[in-house]
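Structure record follows, encoded as structure tokens.
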Amino acid sequence: WHQSGGQEGVQRSLRLQQPLHLPLRGAQLEGHPFSSILIMPVPHHLIIGGQRSGKSRHAERLAMRWLAQSPDHAVTVLATATASDEEMRQRIERHRAERPVVFETLEAPVHLGQALRGLCDARRMVIVDCLTLWLANVLMPPVPQTPEALASNWADLKANLLSALRSTASPVLLVSNEIGCGVIPMGADVRHFVDELGRLHQDVAQACAQISLMAAGQAFTRDVEVWT
């Protein structure tokens, strides 16, 4: 499902990441004398861009290519949106209707890492749509919390997601909005949100093999540069 670099590009991306010891699944354990093997992390893909830039559509195209590779492949969408008002409810319904019917959709508005761990399967691609609304759900909960409680909860949930990305056997496409290219917001809460989303993008990218920046429905894709 990688757009550029082919097999050589995928192998290069994998070499840049550290190997993980993951348990074998039941089907693999049959007749195998070992309980674990040394495998490389799955190459995930971060897709960011502005509103209506084609992010979700691009993720769906990549997922359809994944499905075409094998009859054993499946796709699950982890949707983070919540119907906070009528307009958002209609938007959610529209997104559901526009997705390919072969995609399974699960709701994960807050506990995204936990949901991702529950789908750990090398034959299942996961689309996270989207990180922006997930962050909004955590930092702007319906029940007000103290700044200290919000910060602690966000740190835990973010760490859980990053850990899940590094351990899952499922290839993951993560969709998010790039909102940090405009003017600096006037409100402190909005500035904090923009800052946290930017930090989240940087950290998630480090768990991915590739990143795509969307503009006018076109994907500008490159391998992730691993921090040293």
Side-chain angles (χ1 to χ4, degrees), residues 1-14 17 25 27 39-81 88 90-109 112-113 115-134 161 164-178 201 204-205 207-224:
W1 50 276
H2 288 268
Q3 275 203 297
S4 61
Q7 182 176 2
E8 181 180 350
V10 173
Q11 293 172 342
R12 175 181 175 275
S13 299
L14 291 176
Q17 304 182 54
R25 288 165 194 78
I39 65 174
M40 300 303 295
V42 175
H44 307 312
H45 193 145
L46 176 61
I47 303 170
I48 62 175
Q51 187 171 346
R52 289 286 177 254
S53 59
K55 305 180 299 298
S56 296
R57 184 173 296 179
H58 183 57
E60 291 168 2
R61 282 198 297 263
L62 295 179
M64 290 301 292
R65 294 177 192 172
W66 163 263
L67 286 177
Q69 291 175 9
S70 169
D72 295 329
H73 284 178
V75 174
T76 296
V77 178
L78 289 180
T80 62
M88 181 57 78
Q90 293 179 7
R91 183 182 291 263
I92 291 172
E93 290 299 321
R94 186 166 61 249
H95 268 279
R96 278 182 172 272
E98 291 174 351
R99 289 186 193 123
V101 294
V102 291
F103 289 8
E104 176 189 27
T105 298
L106 300 177
E107 306 295 332
L112 187 54
L116 188 56
R117 292 178 194 278
L119 295 171
C120 184
D121 186 336
R123 298 164 299 180
R124 180 174 298 277
M125 175 172 279
V126 179
I127 300 175
V128 174
D129 197 355
C130 67
L131 292 177
T132 317
L133 291 176
W134 176 59
L161 172 64
L165 284 172
R166 291 189 170 95
S167 63
T168 184
S170 296
V172 184
L173 308 176
L174 300 113
V175 176
S176 194
N177 289 79
E178 178 51 72
H201 287 168
V204 167
C208 295
Q210 288 196 315
I211 181 171
S212 291
L213 176 64
M214 300 299 301
Q218 304 301 305
F220 299 86
T221 303
R222 57 160 289 171
D223 290 343
V224 170

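A quick note: this is a predicted structure, and the numbers were derived from the prediction, not measured. When a residue number appears, it is its place in the shown sequence, counting from 1.
Nearest heavy-atom pair, Leu67 versus Phe103, reported as atom, atom and distance to 0.1 Å: CD1-CE1, 3.8 Å. Looking at every heavy atom in both residues, Glu107 comes nearest to Ala81 through OE1-O, 3.9 Å. When all heavy atoms are compared, the tightest approach of Glu104 to Thr76 is OE1-OG1, 2.8 Å. Taking each heavy atom of Leu173 and Ala59 in turn, the nearest pair found is CD1-O, 3.3 Å. Smallest separation of non-hydrogen atoms from Ala164 and Leu116: CB-CD2, 4.0 Å. Between Ser212 and Thr221, the closest heavy-atom pair is OG-OG1, 2.5 Å.
Between the side chains of His95 and Ser56, no donor-acceptor pair of N or O atoms lies under 3.5 Å.
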**OP:** Test Arg117 against Ser167 for side chain to side chain contact (heavy atoms under 4.5 Å, CB included), laying out the working first.
**Re:** CA-CA 8 Å; Arg117 292 178 194 278; Ser167 63; 3.7 Å; yes
Note to self: Val102 vs Met64, test: side chain to side chain contact (heavy atoms under 4.5 Å, CB included). Steps then yes/no.
What the structure shows: CA-CA 9 Å; Val102 291; Met64 290 301 292; 4.3 Å; yes
Point to revise | Residues Cys130, Lys55; criterion side chain to side chain contact (heavy atoms under 4.5 Å, CB included); working and verdict | key: CA-CA 10 Å; Cys130 67; Lys55 305 180 299 298; over 6 Å; no
* Determine, step by step, whether Leu161 and Leu131 satisfy the side chain to side chain contact (heavy atoms under 4.5 Å, CB included) criterion, reporting the C-alpha distance in whole Å, the side-chain angles of both residues, the deciding distance to 0.1 Å, and the verdict. => CA-CA 11 Å; Leu161 172 64; Leu131 292 177; 4.1 Å; yes
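Shown are Asp129, Leu112, Thr105; of these, the side-chain contact (heavy atoms from CB on, under 4.5 Å) with Leu78 is made only by Leu112. A side-chain contact (heavy atoms from CB on, under 4.5 Å) with Ile48 is found for exactly one of Leu174, Ile211, Val204, namely Ile211.
Using modelled atom types, one side-chain atom of His44 and one backbone atom of Leu165 make a donor-acceptor pair closer than 3.5 Å. A donor-acceptor distance shorter than 3.5 angstrom exists from the side chain of Ser170 to the backbone of Arg124, with no hydrogens or angles considered. With hydrogens and angles disregarded, no donor-acceptor distance shorter than 3.5 Å links the side chain of Thr132 to the backbone of Ser176.
Legend: residues meeting side chain to side chain contact (heavy atoms under 4.5 Å, CB included) with Gln218, ordered by chain and number and at least two apart, are Phe220. For His73, the ring-ring contact (aromatic ring centres under 6.0 Å, His included) test picks out Trp66, with sequence neighbours left out.
Residues Arg61 and His58 meet the side-chain proximity criterion, which asks for heavy atoms closer than 4.5 Å. Here the side chains of Val126 and Thr168 are not in contact, with every heavy-atom distance at 4.5 Å or above. Side-chain contact between Leu106 and Leu119: present, with at least one pair of heavy atoms (C-beta onward) separated by less than 4.5 Å.
Heavy-atom contacts from other residues, nucleotides or ligands closer than 6.0 Å to CZ of Arg57 number 12 or fewer.
Residue Gln90 holds its CD atom at 9.0 Å from CD of Glu93, rounded to the nearest 0.5 Å.
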